[in-house]
Amino acid sequence: MWRTTGIGVLIALAALLIFGLATGVFAQDATPAAQSEGLPGGIVLRVVERAETDTVIDLGEKGDSIGDLLAFGNPIYDPANQTKLGNDQGSCVRTVAGKAWECTFTLILPEGQITTEGPFYDAADSVLAITGGTGNYRDARGQMTLHARNEQGTEYEFTYEIE
């Protein structure tokens with residue numbers, strides 16, 4: 001009995017594996033134009049944000065102060081900053097005047113969404129936690145590095161290391 005059941009289980013597992021590989025169930029597809037390299041157990045996704053709508057709402061003391069709000073909904077492009085891939089949207093609260101914000105935002109691509117949370121530094125690269133996702137990114141975990149592409153703060157490179 002065990003031998004028959006064991007063989008049946010092995011056949012079922014083999015069929016599941018073949019089905020999964022054939023249909024891409026086990027694949028984590030990224031936007032082809034945005035995916036730049038593989039990562040053991042995941043992918044690295046690079047995109048460029050054009051900060052076109054960033055709006056600071058002065059809520060604390062007059063001027064740059066703790067409690068101010070930064071809200072945005074910006075277009076996202078491929079690493080060459082040529083082809084629009086999607087959008088992002090989110091908000092940040094000023095935590096250290098002149099230095100840092102605490103942010104929560106979502107990258108929205110046709111294949112799904114990726115949510116991030118963490119600090120955004122005025123004058124340094126930032127590393128935020130990937131807290132989840134939807135669609136092809138529904139099990140997303142890892143980190144996202146945010147790097148300013150210019151001193152004006154109008155373009156940012158996002159590098160998602162998705163596990």
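Along the sequence shown, residues carry numbers from 1.
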Practice item. Ignoring hydrogens and angles, state whether a donor on the side chain of E49 or N74 is under 3.5 Å from an acceptor on the partner side chain. Key: yes
Practice item. List for me each residue that meets side-chain contact (heavy atoms from CB on, under 4.5 Å) alongside Q82, sequence neighbours excluded, and say none if there are none. Key: D78, A80
Point to revise | Minimum side-chain heavy-atom gap W101-D122 below 4.5 Å | key: yes
Point to revise | Test item: side-chain donor near acceptor, T115 and T131, under 3.5 Å | key: yes
Point to revise | Geometric class of the F158/F105 ring pair [parallel <30°, tilted 30-60°, perpendicular >60°] | key: tilted
Exercise for review: Without swapping roles, check the side chain of T55 against the backbone of T53 for a donor-acceptor pair under 3.5 Å.
Suggested key: yes
Point to revise | Beyond-backbone contact of L70 with D54, side-chain heavy atoms, under 4.5 angstrom | key: yes
Exercise for review: Supply the atom-to-atom distance D64 CG to K99 NZ, rounded to the nearest 0.5 angstrom.
Suggested key: 11.5 Å
**Study point:** Student check: side-chain heavy atoms of T159 and E157 closer than 4.5 Å
**Key:** yes
Check your understanding: Just one of L107, I108, N136 clears the side-chain contact (heavy atoms from CB on, under 4.5 Å) bar with Q113, so which one?
Key -> I108
Review point. Between R149 and V48, is any pair of side-chain heavy atoms under 4.5 Å apart?
Key: yes
Exercise for review: For the residue pair T83 and Y77, establish whether any side-chain heavy-atom pair is separated by less than 4.5 Å.
Suggested key: no
Check your understanding: Does a side-chain heavy-atom distance below 4.5 Å link T145 with R46?
Key -> no
Check your understanding: So E155 and N81, side-chain contact (heavy atoms from CB on, under 4.5 Å) or not? Walk me through it.
Key -> CA-CA 9 Å; E155 293 182 2; N81 200 14; 3.0 Å; yes
Point to revise | Residues in salt bridge (charged side-chain N to carboxylate O under 4.0 Å, His left out) contact with D125, at least two apart in sequence or another chain | key: none
Check your understanding: When you look at R141 and D139, which way does the side-chain contact (heavy atoms from CB on, under 4.5 Å) test go after all the steps?
Key -> CA-CA 7 Å; R141 293 287 182 263; D139 297 322; over 6 Å; no
Review point. Would you say the side chain of L69 lies within less than 4.5 Å of the side chain of V56, judging by non-hydrogen atoms?
Key: no
Review point. Any side-chain heavy atom of C103 within less than 4.5 Å of one from E117?
Key: no
Check your understanding: Under 3.5 Å, is there a donor-acceptor pair between the side chain of D68 and the main chain of R94?
Key -> no
Review point. Got a sec, which hydrophobics cluster with Y121, joining ILVMFWY side chains under 4.5 Å apart, including via others?
Key: none
